[in-house]
Amino acid sequence: MVDRLANSEANTRRISIVENCFGAAGQPLTIPGRVLIGEGVLTKLCRKKPKARQFFLFNDILVYGNIVIQKKKYNKQHIIPLENVTIDSIQDEGDLRNGWLIKTPTKSFAVYAATATEKSEWMNHINKCVSDLLSKSGKTPSNEHAAVWVPDSEATVCMRCQKAKFTPVNRRHHCRKCGFVVCGPCSEKRFLLPSQSSKPVRICDFCYDLLSTGEMTAGQSTRSDSYSQSPKSSLNDVSDDDDDEDSSD
């Protein structure tokens with residue numbers, strides 16, 4: 001079906017509409033062989049709080065952006081190559097239901113659908129696209145993924161020292177290696193994580209010690225792939241002011 005749609009006028013027209021919705025700030029999306037599989041609004045778990053984002057699934061990329069005008073205009077376009085994507089289901093917890101993780105070497109995050117059926121359809125289509133891409137390219141699935149950041153609301157104190165309380169003055173930071181919410185003194189060091197940035201990025205002391213001594217490589221994870229963990233647990237070229245993909249997240 002995808003091959004049949006690849007060069008159809010209907011598919012070209014649909015992709016052109018998506019391009020126009022992002023305006024001049026968005027990257028061109030029309031290339032030979034690219035097919036728009038589906039689209040919809042998903043709730044993305046951002047640093048501050050869950051936020052609605054418009055997602056577009058193509059046969060080779062996943063695109064999402066902020067909703068400016070429903071079904072008419074979006075901005076802050078993000079493009080994720082599907083070859084690098086792995087997805088994992090998330091158990092329902094409170095108001096956060098029908099979710100799954102989208103994991104890539106550069107960034108990983110949780111999204112939630114409105115219904116269980118919608119979640120199943122999204123996950124099935126994404127997995128099918130990834131499988132087809134890897135089959136055609138002969139590549140193996142990526143086993144390196146960026147940590148999913150723990151939301152600010154999950155931590156009232158530093159998740160490493162367990163002492164520093166967060167206030168408007170003593171602000172939260174995120175370790176780019178484990179995703180934990182940490183205080184400034186516990187995350188003063190930086191380390192080069194090539195898959196996330198060309199420059200050294202902020203990491204916590206715990207991860208720095210493991211990386212600098214060789215006990216852990218830049219591609220290994222220091223915690224399970226969960227979008228959040230209890231603050232009492234023992235265990236991107238982004239500015240420290242934003243601590244996420246953009247100032248709104």
Side-chain angles (χ1 to χ4, degrees), residues 1-45 52-68 70-90 98-146 148 195-196 225 236 245-246 249:
M1 179 179 178
V2 169
D3 291 337
R4 189 171 70 249
L5 291 173
N7 299 310
S8 70
E9 290 185 11
N11 177 66
T12 301
R13 187 165 57 252
R14 291 175 68 199
I15 295 178
S16 177
I17 291 172
V18 176
E19 285 183 342
N20 291 335
C21 286
F22 279 102
Q27 294 185 38
L29 298 173
T30 303
I31 65 169
R34 176 168 290 164
V35 176
L36 178 60
I37 305 296
E39 62 185 88
V41 177
L42 298 173
T43 298
K44 179 177 178 289
L45 195 65
R53 295 286 184 261
Q54 180 75 26
F55 281 78
F56 300 92
L57 176 63
F58 296 83
N59 59 330
D60 62 335
I61 58 174
L62 182 66
V63 179
Y64 71 93
N66 294 9
I67 302 170
V68 180
Q70 186 66 36
K71 296 184 179 181
K72 289 186 178 181
K73 184 172 176 57
Y74 314 106
N75 65 5
K76 297 185 179 177
Q77 182 192 68
H78 299 270
I79 300 176
I80 303 173
L82 286 178
E83 272 192 349
N84 299 326
V85 168
T86 300
I87 59 175
D88 288 326
S89 181
I90 301 173
N98 310 313
W100 68 96
L101 298 177
I102 296 175
K103 302 186 295 183
T104 79
T106 57
K107 186 174 182 61
S108 302
F109 54 90
V111 293
Y112 297 85
T115 66
T117 299
E118 188 179 342
K119 168 186 174 178
S120 177
E121 290 176 348
W122 270 101
M123 292 188 69
N124 288 338
H125 284 307
I126 292 173
N127 276 327
K128 179 66 166 57
C129 290
V130 173
S131 176
D132 289 347
L133 282 171
L134 294 177
S135 177
K136 290 179 180 179
S137 67
K139 296 180 180 179
T140 56
S142 175
N143 58 6
E144 180 180 348
H145 305 112
V148 179
S195 64
Q196 295 190 39
D225 285 320
N236 341 18
E245 65 199 10
D246 57 53
D249 279 356

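All values below come from the heavy atoms of this structure, side chains included, with hydrogens, waters and symmetry mates left out.
T104 places no side-chain N or O within donor-acceptor distance of the main-chain N or O of V85, the cut-off being under 3.5 Å. Looking only at distances, no side-chain donor or acceptor of S131 sits under 3.5 Å from a matching main-chain atom of N127. Looking at Q77, its side chain never comes within 3.5 Å of a backbone N or O of F22 through a donor-acceptor pair. Side-chain atoms of S195 come within 3.5 Å of backbone atoms of P105 as a donor-acceptor pair (strictly under, hydrogens ignored).
For the side chain to side chain contact (heavy atoms under 4.5 Å, CB included) criterion with Y64, the lone passing option out of K76, K44, E39 is K44. For the side-chain hydrogen bond (donor to acceptor under 3.5 Å, both in side chains) test with K103, the passing option among T86, N84, D88 is D88; the others fail.
From T106, atom OG1 reaches atom NE2 of H145 across 10.5 Å, with rounding to the nearest 0.5 Å. Rounding to the nearest 0.5 Å gives a distance of 12.5 Å between CD1 of I17 and CG of L29. Here CG of L82 is found 8.0 Å from CG of N59. Values are rounded to the nearest 0.5 Å. Note that the CZ atom of F58 and the CG atom of N11 stand 8.5 Å from one another [nearest 0.5 Å]. With rounding to the nearest 0.5 Å, the separation of CD1 in I61 from CD in E83 is 12.5 Å. Rounding to the nearest 0.5 Å places CD1 of I37 at 8.0 Å from CZ of R14.
Under the 4.5 Å side-chain criterion, counting only non-hydrogen atoms from C-beta, N98 is not in contact with Y112. Between W100 and V111 there is a side-chain heavy-atom pair separated by less than 4.5 Å. Looking at heavy atoms from C-beta onward, L134 lies out of side-chain contact with T140 at the 4.5 angstrom threshold. Annotation: side chain of I31 is in contact with side chain of D60 (closest heavy-atom distance under 4.5 Å). W122 places a side-chain heavy atom less than 4.5 Å from the side chain of L62. Residues K107 and I80 fail the side-chain proximity criterion, which asks for heavy atoms closer than 4.5 Å. Contact check for R53 versus V41: no side-chain heavy atoms found under the 4.5 Å cut-off. Here the side chains of L42 and E118 are in contact, with some heavy-atom distance below 4.5 Å.
Residues Q196 and A146 come closest through the heavy atom pair NE2-CB, 3.9 Å.
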Original post:
Please walk me through it: do V63 and V18 pass side-chain contact (heavy atoms from CB on, under 4.5 Å)?
Top reply: CA-CA 10 Å; V63 179; V18 176; 5.7 Å; no
Original post:
Passes side-chain contact (heavy atoms from CB on, under 4.5 Å), Q54 versus Q70? Steps please.
Top reply: CA-CA 9 Å; Q54 180 75 26; Q70 186 66 36; 4.3 Å; yes
**OP:** Could you please spell out the steps behind the salt bridge (charged side-chain N to carboxylate O under 4.0 Å, His left out) verdict for K128 and D132?
**Re:** CA-CA 6 Å; K128 179 66 166 57; D132 289 347; 2.7 Å; yes
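For the residue pair T115 and T117, no side-chain donor N or O sits within less than 3.5 Å of a side-chain acceptor on the partner.
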